Amino acid sequence: MSGENKEIQGSIFNFLGNLFDKHNITSVIVGGYALIVNKVQRMTFDIDFMLTQEDCEKIEPELLDIGYTVLSRQQAFLQLNGKKTGLRDLDFLITDKNTLNKIIADGKKTIIAGQEFNIPSPEHLIMMKIHSISENKKRELKDLPDIVQLLEANSINPSKREIMEMFEKFNEKNLYKRVLGLMGRK
């Protein structure tokens, strides 16, 4: 059956949760929904997941079959466009199993549309944001406020050694100074 004839019944989260269960896929919601669960108010339209390449390959054919199209494909990233009613754009960040398991172990679970999803800890989200900025300076306008809000909303002291080390890992000492300045710290 072609994707044009298939319909999503109920929430896209319900569909995705069932699809992941069907293929025994472990994933983590990242991006805007993960920020919301971690106390940062954010308007978001797409849904971002982190999973392994192998798991992404398991579900991609079914997603294409229901009407998604590939908008962008890179080594560690797949972006799907959902033009049909009921489909939300999907971004898949590809990682290795060890990294995924660490993020899950340090994170938490949340329920969206009756489905259980893994969410990263605020610290892992901060690290992802720093990494994103280090790879693409244009991301700073969007990701820097998220970093500050994650720290503030989750009562994380930005002066903690572990936080400073995140910035150092990606050679972002100046960004760290900006975060401290925005938070009224030196």
Side-chain angles (χ1 to χ4, degrees), residues 12-13 16 26-53 56 71-82 88-112 116-186:
I12 188 64
F13 284 102
L16 292 168
T26 303
S27 68
V28 177
I29 289 184
V30 295
Y33 284 97
L35 288 171
I36 292 166
V37 172
N38 280 290
K39 306 176 188 175
V40 174
Q41 292 303 311
R42 169 66 88 76
M43 187 128 173
T44 188
F45 299 101
D46 64 351
I47 308 168
D48 306 279
F49 289 94
M50 181 179 281
L51 44 71
T52 65
Q53 180 67 42
C56 190
L71 188 60
S72 175
R73 182 187 308 271
Q74 298 169 17
Q75 182 177 351
F77 184 73
L78 174 64
Q79 188 174 27
L80 299 179
N81 185 266
R88 303 274 294 281
D89 290 352
L90 300 174
D91 294 342
F92 294 102
L93 305 175
I94 309 301
T95 193
D96 62 88
K97 192 72 169 167
N98 289 337
T99 300
L100 189 67
N101 287 339
K102 172 110 176 83
I103 291 170
I104 290 169
D106 293 344
K108 56 188 161 192
K109 296 190 180 294
T110 193
I111 303 293
I112 303 174
E116 186 175 79
F117 293 97
N118 296 302
I119 303 291
S121 68
E123 292 84 359
H124 272 118
L125 283 171
I126 291 166
M127 177 127 19
M128 287 179 215
K129 297 286 183 180
I130 298 166
H131 179 257
S132 177
I133 293 169
S134 74
E135 295 288 316
N136 179 357
K137 294 299 179 191
K138 292 178 182 176
R139 296 280 318 177
E140 188 172 325
L141 285 174
K142 184 176 183 181
D143 290 335
L144 178 59
D146 289 343
I147 292 169
V148 171
Q149 290 179 54
L150 280 163
L151 290 164
E152 289 176 340
N154 292 282
S155 302
I156 300 170
N157 180 352
S159 300
K160 281 181 23 181
R161 179 82 188 141
E162 297 85 359
I163 300 299
M164 185 178 72
E165 287 173 351
M166 287 183 201
F167 288 88
E168 289 174 351
K169 177 178 180 176
F170 296 104
N171 199 25
E172 290 291 343
K173 291 180 185 176
N174 287 332
L175 183 65
Y176 179 64
K177 289 177 186 175
R178 290 190 59 210
V179 167
L180 291 176
L182 288 169
M183 295 183 73
R185 311 252 179 141
K186 292 189 178 198

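In this chain, residues are counted from 1 in sequence order. It should be emphasised that the depicted structure is a prediction, and the values quoted were computed from it without experimental measurement. Note: hydrogens, waters and symmetry copies are ignored here, and every other heavy atom, side chains too, is used.
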From [X] [atom1] over to [Y] [atom2], what is the distance, rounded to the nearest 0.5 angstrom?
{"X": "I112", "Y": "I47", "atom1": "CD1", "atom2": "CD1", "value": "8.0 Å"}
{"X": "L180", "Y": "M164", "atom1": "CG", "atom2": "CE", "value": "9.5 Å"}
{"X": "T99", "Y": "I94", "atom1": "OG1", "atom2": "CD1", "value": "12.5 Å"}
{"X": "H131", "Y": "N136", "atom1": "NE2", "atom2": "CG", "value": "11.0 Å"}

Where the side chain of [X] meets the backbone of [Y], is there a donor-acceptor pair that is under 3.5 Å apart?
{"X": "D89", "Y": "G82", "result": "yes"}
{"X": "D96", "Y": "N98", "result": "yes"}
{"X": "R88", "Y": "F45", "result": "yes"}
{"X": "N118", "Y": "S27", "result": "yes"}
{"X": "Y176", "Y": "P158", "result": "yes"}

Could you tell me how the ring of F117 sits relative to the ring of F49: parallel (under 30°), tilted (30 to 60°) or perpendicular (over 60°)? tilted
Show the numbers, then the answer: is there a side-chain contact (heavy atoms from CB on, under 4.5 Å) between Q149 and R42? CA-CA 10 Å; Q149 290 179 54; R42 169 66 88 76; over 6 Å; no
Considering only heavy atoms from C-beta outward, does the side chain of [X] approach that of [Y] to under 4.5 Å?
{"X": "I103", "Y": "T95", "result": "no"}
{"X": "F92", "Y": "L80", "result": "yes"}
{"X": "I29", "Y": "F13", "result": "yes"}
{"X": "T26", "Y": "K97", "result": "yes"}
{"X": "L150", "Y": "L35", "result": "yes"}
{"X": "L93", "Y": "D48", "result": "no"}

Kindly check if the number of other-residue, nucleotide or ligand heavy atoms within 6.0 Å of [atom1] ([X]) is above 12?
{"X": "N171", "atom1": "CG", "result": "no"}
{"X": "K108", "atom1": "NZ", "result": "yes"}
{"X": "K137", "atom1": "NZ", "result": "yes"}
{"X": "K160", "atom1": "NZ", "result": "yes"}

Check I147, N38, D146, D143 against I126 for a side chain to side chain contact (heavy atoms under 4.5 Å, CB included) and give me the one that passes. I147
